[in-house]
Amino acid sequence: MTSAAWELLVAVALVGTERKPVSAEGITALGALVDLPIEQASEEATVLTAAGVVASYRRTGFLPTRGQRSEQEPAPTDDRPEASAAASQILELLLDGHIKVPGGAAVLAAEWLGRCADRGRRPPARVLPALLDHGTRSRELRGPIVAAGGPRLAWLAGHNPNWAWAAATVTATEEEDANEVWRTGDHAARMVRLIALRSSDPAAAIELVQESWAGEKARDRAEILDVLRAGLGSADEALLEQGLDDRAPTVRGAAADLLASLPSSALAQRMTDRVRPLVVLDGRRRRQQLNVELPDEPDDQARRDGIQDQGAPRGIGQRTWWLMQLVGATPLGFWTNELGLTPAQALRSAAARPELRDGWTTAARRQRNGEWARELVADRPEPALLRALPPEDAWPAAEAALRKCTDGAVPGLLSSAAGAATTPWPASLSAAAVARLRANKNSIATEQGLTVVAAAADPSIGPELERWLGSLGPQDRLRHHLRTVVHALSIRHTIAQEFA
């Protein structure tokens, strides 16, 4: 009865009461369904009233369908002790944006999370959603967040697709789950999974990549190669050789750069074969003069290996640029083992050939050759080389370089020193950085360098900055920036104390 009546009322509503009137008997029968009469006014009002009666009757006793939800396991336990109330309050203030420091609060938050994880403590559960939101917006925070957040953070991340980057590290504890994340996860989850696997099992990571390489987007292929930079080894060479023939220039360039970072790779040996005929050593062994001729135009194979016409520094000729690229991709062992030159001898003998020094700088950075990097930094401060040195060598080298570099080069040098390790600078480098910045005549470079000091210097340098602040006049434009640096260092000191 009700289904037929409902269809009739819908038909009347569609075509109008003039063309399809409803009988009075039908309206009376509908009222009987609810044991109430339907007042028959105008035909339109009567139809609408009847529709309301039938709709109510049809829904009487209706049970809503249940959503198809899978039962969720409760959050796992985390036996680590919670960070102190004072430390937790600092983290909350950083995440809420209430602490303003040079370079942004994310730098201090990363230090908080790193110290928390190192001390075997955990952030309070109430801040986990905020941490996940920050990690979604800021990729550089993801590693520290996952390391400190623990199993509860990963469990929570599984409830929000936007947080998949954190859930992936936990769901991938089993190899089968790991493969599933890589095959079916979104971009963020896949990259997080690859980074985690690359750090624990480089061989397994390259197997996953090889499995899906042909179907990846060009943008993703380039990002994958960047992940492979960590743990780079000979097992990666086959995929990288394939990358040299990629249709995307970014992928070809990344593959060539990585292969040049492997001194034993076939590409490195091909570069050596190209450089060898250009080199002539004149004179006796103790006074040998290194002469290197300029190369002819690269052939197709050399261009496949990454030699380009574009990108030359201003004032550098085309053939000189080709030579710089060849030297930058040649194993440094060629100059020391095959030619018998120490880095110092090579630099002295090529003093009039800056393009050779630039090529060696590129090679030392790529191959992370500490012996060459130390000699090159001592000869001329070069920020990129500090990253090729271990912290125990990079910090003294940076301190020495501060005495040589120009005012404008100080921020870049300090940034490279900060990137050489995740731990704060030693007190000696911190003091040298503050002294050099205080003597700096370039105000913009001074502010930029102080921003690095706020993030990387030993907090014990705070009193020296206070004295500098006290020496400034009330109208000095540096006062506000320096005050925020002092504030950042005091917060970092408190963080260190809370996790001591």
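FYI, the numbering just counts along the sequence from 1.
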Can you tell which of [options] makes a side chain to side chain contact (heavy atoms under 4.5 Å, CB included) with [X]?
{"X": "Thr446", "options": "Leu482, Asn440, Thr451", "answer": "Asn440"}
{"X": "Pro295", "options": "Thr320, Ile307, Leu278", "answer": "Leu278"}
{"X": "Leu108", "options": "Leu94, Leu113, Leu91", "answer": "Leu94"}

Does a side-chain N-to-carboxylate-O contact under 4.0 Å join [X] and [Y]?
{"X": "Arg304", "Y": "Glu241", "answer": "yes"}
{"X": "Arg270", "Y": "Asp305", "answer": "yes"}
{"X": "Arg122", "Y": "Glu82", "answer": "yes"}
{"X": "Arg353", "Y": "Asp358", "answer": "no"}
{"X": "Asp245", "Y": "Arg252", "answer": "no"}
{"X": "Arg219", "Y": "Glu223", "answer": "no"}
{"X": "Arg319", "Y": "Glu355", "answer": "no"}

Testing the 3.5 Å rule here: is there a donor-acceptor pair between the side chains of Thr361 and Arg365?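 Arg365 and Thr361 do not have a side-chain donor-acceptor pair below 3.5 Å.
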What distance separates [X] [atom1] from [Y] [atom2], expressed to the nearest 0.5 Å?
{"X": "Ile491", "Y": "Trp112", "atom1": "CD1", "atom2": "CH2", "result": "14.0 Å"}
{"X": "Leu437", "Y": "Leu402", "atom1": "CG", "atom2": "CG", "result": "8.0 Å"}
{"X": "Ser261", "Y": "Gln367", "atom1": "OG", "atom2": "CD", "result": "7.5 Å"}
{"X": "Leu208", "Y": "Trp182", "atom1": "CG", "atom2": "CH2", "result": "7.0 Å"}

Angle between ring planes, Trp372 versus Trp360, binned at 30° and 60°: parallel, tilted or perpendicular?
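Ring orientation, 0 to 90° scale: tilted.
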Measuring only between side-chain heavy atoms, which start at C-beta, is [X] closer than 4.5 Å to [Y]?
{"X": "Leu156", "Y": "Pro129", "value": "yes"}
{"X": "Leu232", "Y": "Leu240", "value": "yes"}
{"X": "Leu450", "Y": "Thr484", "value": "no"}
{"X": "Ser88", "Y": "Arg126", "value": "yes"}
{"X": "Asp458", "Y": "Pro426", "value": "no"}

**Q.** Verdict with reasoning, Trp321 to Asp309, per side chain to side chain donor-acceptor pair (under 3.5 Å)
**A.** CA-CA 8 Å; Trp321 173 231; Asp309 295 337; over 6 Å; no
Arg276 vs Glu338, salt bridge (charged side-chain N to carboxylate O under 4.0 Å, His left out): CA-CA, chis, key distance, verdict = CA-CA 10 Å; Arg276 187 181 289 109; Glu338 187 168 331; 2.6 Å; yes
For Asn442 and Gly408, work out which heavy atoms get closest and say how close.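 Taking every non-hydrogen atom into account, ND2-CA, 4.1 Å.
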| query | Is the Trp163 to His159 ring centre distance short of 6.0 Å? | reply |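 Between His159 and Trp163, which both carry aromatic rings, the centre distance is not below 6.0 Å.
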### Task
Please assess Glu297 against Arg303 for the test salt bridge (charged side-chain N to carboxylate O under 4.0 Å, His left out), listing each intermediate value before the final yes or no.
CA-CA 10 Å; Glu297 183 173 356; Arg303 294 191 183 281; 3.4 Å; yes
